[in-house]
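Everything numeric in this text was worked out from a predicted model, so none of it was measured.
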Amino acid sequence: MAGEQVTPTRRGDVHRQLGEERRAAADWAAAGALFEQARSPRAEEARRRLGNSRVRSGDGELD
């Protein structure tokens with residue numbers, strides 16, 4: 001729908017569904033940083049998704 005914004009968390013979910021695990025992890029990491037900066041409880045949601053990712057944090061390699 002026009003005018004709707006997609007959060008990095010949701011965009012990461014879409015990337016995962018498309019099999020783009022590295023892009024998903026990058027979006028979840030970005031979402032977590034934004035939510036932490038805003039002191040939002042949704043930061044935990046983004047961290048949880050990133051923690052369940054097959055991408056090793058920091059190096060972008062798949063497990």
Could you tell me the separation between the CD atom of E44 and the CD atom of E36, rounded to the nearest 0.5 Å?
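Between atom CD of E44 and atom CD of E36 there are 9.5 Å.
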Not counting sequence neighbours, which residues clear side-chain hydrogen bond (donor to acceptor under 3.5 Å, both in side chains) with R49? List them please.
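Residues passing side-chain hydrogen bond (donor to acceptor under 3.5 Å, both in side chains) with R49: D13, E45.
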Using a side-chain heavy atom cutoff under 4.5 Å and only I, L, V, M, F, W and Y, what cluster partners does L18 have?
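Answer for L18: V14.
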Smallest separation among heavy atoms of A24 and G12, with atom names:
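Taking every non-hydrogen atom into account, CB-O, 3.2 Å.
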Could you tell me the separation between the CZ atom of R10 and the CH2 atom of W28, rounded to the nearest 0.5 Å?
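R10 CZ to W28 CH2: 10.5 Å, rounded to 0.5 Å.
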Shortest non-hydrogen contact between L50 and A25, atoms and distance:
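For L50 versus A25, the nearest heavy atoms are CD1-O, 3.5 Å.
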Neighbour count above 12 (heavy atom, 6.0 Å) for Q37 CD
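For Q37, atom CD is not crowded (no more than 12 foreign heavy atoms under 6.0 Å).
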Could I get the full list of side-chain hydrogen bond (donor to acceptor under 3.5 Å, both in side chains) partners for E20, not counting sequence neighbours?
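Residues passing side-chain hydrogen bond (donor to acceptor under 3.5 Å, both in side chains) with E20: H15.
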